[in-house]
There are 2 protein chains.
Amino acid sequence: MRLTTDKLADILREHNYKVTPQRRVVVDVLVHSNEHMTPSTIYEKARQKHPRVGLVTVYRTLDILSGLGLICELHTLDNNHSYLMRETDKPHHHLICSECGKVIDFTDCGLGALEKRLSLETGFEIEEHLLEFHGLCCHCQTITAKREKNEKTAT
Amino acid sequence: MRLTTDKLADILREHNYKVTPQRRVVVDVLVHSNEHMTPSTIYEKARQKHPRVGLVTVYRTLDILSGLGLICELHTLDNNHSYLMRETDKPHHHLICSECGKVIDFTDCGLGALEKRLSLETGFEIEEHLLEFHGLCCHCQTITAKREKNEKTAT
DNA sequence: TCACTAACTGAAAACGTTTTTCAATTAGCA
DNA sequence: TGCTAATTGAAAAACGTTTTCAGTTAGTGA
């Protein structure tokens with residue numbers, strides 16, 4: 001179940017954060033996007049809704065939301081931070097379309113056994129793991145296929 | 001089997017890269033470290049051996065070595081690029097000590113089944129995955145345990 | 001051995017992202 | 001309504017990384 005902007009505002013208040021217009025706008029941008037976005041993308045979208053939002057405030061709001069576990073931070077391959085609303089309470093991982101940025105969550109990564117094995121073999125006390133899958137979503141596969149076909153005809 | 005600086009110099013020459021003193025020093029730093037290092041750490045260590053090395057050259061050399069698949073690039077949690085000599089030809093992943101930076105390679109991540117399942121369920125064409133384990137190595141566990149004990153006695 | 005040339009170099013500047021600083025503003029409470 | 005701590009944006013600083021450019025050099029062929 002996806003949280004609304006109002007519900008998120010309540011959560012912020014519950015944690016003694018003030019709900020300013022700027023924060024509402026940033027939250028709103030996140031709530032209404034299905035793709036992961038970098039801070040500057042969020043900033044641009046936020047400005048369209050409310051010109052009096054600064055990039056600094058975007059960063060600060062993302063910090064707060066991240067700290068409360070309300071948004072996910074993606075460690076994408078090109079090493080840009082990227083954020084999106086968290087869809088589930090459970091620990092999970094992401095499957096990310098490298099073309100359009102669409103993100104699908106999945107739980108049950110099945111790495112428990114591997115983690116145990118590695119821990120035994122190496123003596124490491126494993127604290128966490130980072131797992132992301134990258135590829136093309138259904139939609140972008142067809143687009144890419146079409147484009148490649150056209151390029152072939154062109155040459 | 002670990003490659004030597006000389007062997008790596010040969011590989012560079014084979015690929016029509018000149019083997020300059022600066023490149024040798026950067027390679028040497030990498031060869032003689034068991035930990036992953038950021039470009040600026042490599043830069044500092046390189047300068048100790050040979051003061052006439054610029055940070056730019058470190059970046060350029062890392063690019064070359066990375067392009068030839070001779071070093072691994074780590075996507076660490078704090079989003080800093082970090083590099084270390086590649087120990088194996090096989091595709092592999094890393095187990096990283098968050099305290100001392102020690103890295104252990106492992107193959108057989110066993111994610112093939114999960115990848116297939118996700119592909120079927122979501123229609124994604126999965127191109128690659130990013131997997132890293134983070135934790136404390138044997139040695140750092142005991143150090144941390146000692147420190148915590150001392151802190152308890154102190155208070 | 002030398003001389004040539006493409007490849008390579010470091011310093012400086014440019015770049016994009018993120019953080020810090022600070023004086024002015026404001027949300028939420030009494 | 002008025003108070004106050006929290007929040008704001010602009011500007012500057014602080015990063016890590018890349019680009020530019022004129023001077024230098026490794027490796028080749030004579």
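Treat the numbers as computed from the prediction; the structure is a model and nothing was measured. Chain A is the first sequence line, chain B the second, and so forth, proteins listed ahead of strands; every chain is numbered from 1.
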Original post:
Side chains of A/H92 and A/C109: does their closest heavy-atom pair fall under 4.5 Å?
Top reply: no
Original post:
Hey, does A/P39 have a side-chain heavy atom less than 4.5 Å from the side chain of A/L62?
Top reply: yes
Integer-rounded Å distance: [N] [atom2] and [X] [atom1]:
X	N	atom1	atom2	answer
B/R24	C/dA7	CZ	P	21 Å
A/D63	C/dT19	CG	C1'	10 Å
A/Y43	C/dT19	OH	C1'	16 Å
A/M37	C/dT17	CE	P	15 Å
A/N16	D/dT4	CG	P	19 Å
A/L62	C/dT17	CG	C1'	13 Å
A/H50	D/dT8	NE2	P	10 Å
B/L12	C/dA7	CG	P	15 Å

**OP:** Tell me, with the steps shown, if A/D6 and A/R24 meet salt bridge (Lys or Arg N to Asp or Glu O under 4.0 Å).
**Re:** CA-CA 8 Å; A/D6 284 340; A/R24 278 192 83 89; 2.5 Å; yes
Does [X] place a side-chain N or O at less than 4.0 Å from the phosphate oxygens OP1/OP2 of [N]?
X	N	value
B/R52	D/dT24	no
B/H81	D/dG16	no
B/T20	D/dT25	no
B/R13	D/dA26	no

Residue [X], side-chain atoms from C-beta onward, closest of [options]:
X	options	result
B/N80	D/dG16, C/dT20, D/dT7	D/dG16
B/V56	D/dA26, C/dA12, C/dT9	C/dA12
B/Y59	D/dT7, D/dT17, C/dA11	D/dT17
A/V19	C/dT9, C/dT17, C/dG28	C/dG28
A/R60	D/dT18, C/dT21, C/dC8	C/dT21

**OP:** Would you indicate what B/P51 reaches in the nucleic acid, counting non-hydrogen atoms under 4.0 angstrom: base, sugar-phosphate, or nothing?
**Re:** nothing
**OP:** Kindly determine whether A/F133 and A/F106 satisfy ring-ring contact (aromatic ring centres under 6.0 Å, His included), including the steps that lead there.
**Re:** CA-CA 10 Å; A/F133 283 93; A/F106 65 93; 5.7 Å; yes
Original post:
Does B/T38 or A/L55 map to a spot on DNA chain D nearer the 5' end, using the closest nucleotide for each?
Top reply: A/L55
Subject >> Upstream residue (5' side of DNA chain D) when A/V53 and B/Y17 are each assigned their closest nucleotide >> reply: A/V53
Original post:
Distance from A/L70 atom CG to A/L30 atom CG, nearest 0.5 Å?
Top reply: 10.0 Å
